[in-house]
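Taking it in order: structure first as structure tokens, then the write-up.
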Amino acid sequence: MRNKEVAEKLYELAQYLEILGEMRFKINAYIEAARKIENLPLPIEDLAKEGRLTEIKGIGEGIAKKIIQYLETGKIDKLEEAKQKIPPTLLELLEIPGIGPRGAYTLYTKLGIKSLEDLKKAVEEKKIREIEGFGPKKEENILKALMDRKKKETRRILLGIAYPLSQYVVESLKNNVQIDKIEVCGSIRRMKETIGDIDILVTSNSPEKVMDYFTSMDIVKEVVAKGDTKSTILTNEDIQIDVRVVEPISFGAAVQYFTGSKQHNVKIRELAIKKGFKVNEYGVFDVKTDKRICGEKEEEVYNILDLPFIPPEMREDRGEIELALDGKLPKIVEMKDIKGDTHVHTKYSDGENSILEIVNKCIEFGYEYVVIADHAKSLGVAGGLSIKDYKKQKREIDELNNKFAGKFRIFFGCELNILSDGSVDFSEDELNIFDICLAGIHTGFSQEKKKITERIIKAMKIKEIKIITHPTGRLLGSRDEYEVDLEEIFKEAKNYGKILEINATPERLDLNDINAMQGKEVYGLKFSIGTDAHSLYGLYDMRYGVGVARRAWLTKEDIINTLTLEEFEKFIKD
DNA sequence: GCCGTTTTCGGCCCGACTGTTTTCAGTCG
């Protein structure tokens, strides 16, 4: 699938055109097309081959031609032309807050600045302030931004870090100041895999007390801004958190606005205009009289546009609004639908807790079952188990199952390692002792695409293996996915009736939302959501896996661990 | 450059903030 690659080219082209001062709407068209491709659950190259590119809303004749040219030759004429006009290193300047495309172009034409290096020199020589439209203040800000750059490179943080942190702030605020309503917004609420900053909205009678308390919390390293109704802090880990107090009458509209995504909101506002309304963060207004119509509750914003409430995780402008207009919004899976965890490690291998401890936690969650799936012997570093070890573990599981009979069920599983030749740790005969076998790649990530793909397919042919764990092997922020032909995997998974895992560990979230969406839409696959927990704490990661599933528009029926104990038992025997 | 149960031409989201301005462009989310 070359979607990401093609999207990036179009984004790049848009950036060049922006700097060159091309018409805003033209640029937006490229960005919009790129975004569509990025979110497309089909390989763009297939659509191109079939001449169906213009079926995608936002791609017309012009962009379709450019995509085809890129796919065939690796180049786009228009992009190459742009590169002749401005040096590619000029794009670096856009990373500086306060310098946009117009600013970059001015700096280039007036001062010949071609890169961050040049910019730094010009700032030091105080040349920036002499250009029209710039001044001493701007120069100072650029200098500051250049100095801060290393810090800023910490970039986006994992949902698994941001989510608990946001909950901590919410709980602290609730417990210490008078809060009426409170909601975490932004990409956390949409359960995006990584988060830029944390946005929290509240209504309160005493905004100043909220601001005082928030800016003096123990997590605060630096108070970036403190106002009457909005404050920004940096935590010790350099995570930015904004808290804003809004009027109760605007709370719903503000939550809608700050939840995003930006593109979703643009579509909502466009729809509003067609219906004679204006939507902003303060409410929904009649465009003629400017009279407020609603905005206290978030669902009102949708309902006034004849839309049902759209779950935050779906708000990415991937077609959810059109679907909602048609009354075809799927009922996506919820946390309460989850009846068990399909992937948990214990201290038999590299986990921290005993089976009993895990069972008790699962019961606390209201689960009906859990799949214990410790590593097998070939994964020495993770304390992989031999058949003898597994048999010992089985005895303990049997005992516990007797003890919890009628209340909870432990499935005796394993997580096999798909070796470099596609074989697994044990023979098929040996695999018979397990209730369910999982298998995943844990070594040999750097093999070429064909080989890795064949490896996984070979493992899928083993009858006892039901679930392929973390199918792409990525670790967010540290390791890219290995080269794997996912479409081929999807096809064969369907063929052999295998389940692909949505691994809920925050560093993995693998499959990701787009992959899972493609797996369902195109191949009709089913998935398991497993935490891959190595401790009791890890069991809580289920919410992130469910978040991915919701972002992929999966329903309860698409996820095997929403099955009841009875159904699940039957399912894994088939 | 794209799009159309109000349009094949004339539109294309909204508001705040900043720094530079004397009415606004650029940037940001």
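Reminder, nothing fancy here: chain letters follow the sequence lines and each chain counts from 1.
Side-chain atoms of Glu320(A) and His264(A) form a donor-acceptor pair, as typed in the model, at a separation below 3.5 Å. Defined by atom type and a distance below 3.5 Å, a donor-acceptor pair is missing between the side-chain atoms of Asn175(A) and Ser172(A).
A heavy-atom distance below 4.0 Å to DNA chain B is reached by these residues of residues 63-70 of chain A, ordered by number: Ile63(A), Lys66(A).
Phosphate contact (OP1/OP2 of dG15(B), side-chain N/O of Lys278(A), threshold under 4.0 Å): present. At the phosphate of dG15(B), OP1 or OP2 sits under 4.0 Å from a side-chain N or O atom of Asn280(A).
Here the P atom of nucleotide dC17(B) and the CG atom of Asn141(A) are 16 Å apart, to the nearest Å. For the pair Asn28(A) CG and dC14(B) P, the computed distance is 14 Å after rounding to whole Å.
The same atom, C1', is picked in dG1(B) and in dT6(B); the two are 23 Å apart, to the nearest Å. Atom name P, nucleotides dC28(B) and dT20(B): the rounded distance is 15 Å, in whole Å.
Under the Watson-Crick and G-U wobble criteria, each requiring two contacts below 3.5 Å, nucleotide dT8(B) is left unpaired.
Between Phe490(A) and Tyr523(A), the two ring planes are tilted [angle within 30° to 60°]. Using the six-membered ring where Trp is involved, Tyr302(A) and Phe309(A) have ring planes that are perpendicular, over 60° apart on the 30 and 60° scheme.
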*Spell out protein contact along nucleotides 23-29 of chain B as letters: B when the base is contacted, S when just the sugar-phosphate is, - when no protein heavy atom is under 4.0 Å; keep the 5' to 3' order.*
---SSSB
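With its glycosidic angle within 90° of 0, dT7(B) is assigned syn.
Glu18(A) pairs in a salt bridge (charged side-chain N to carboxylate O under 4.0 Å, His left out) with only one of the listed residues (Arg102(A), Arg24(A), Lys26(A)), which is Arg24(A).
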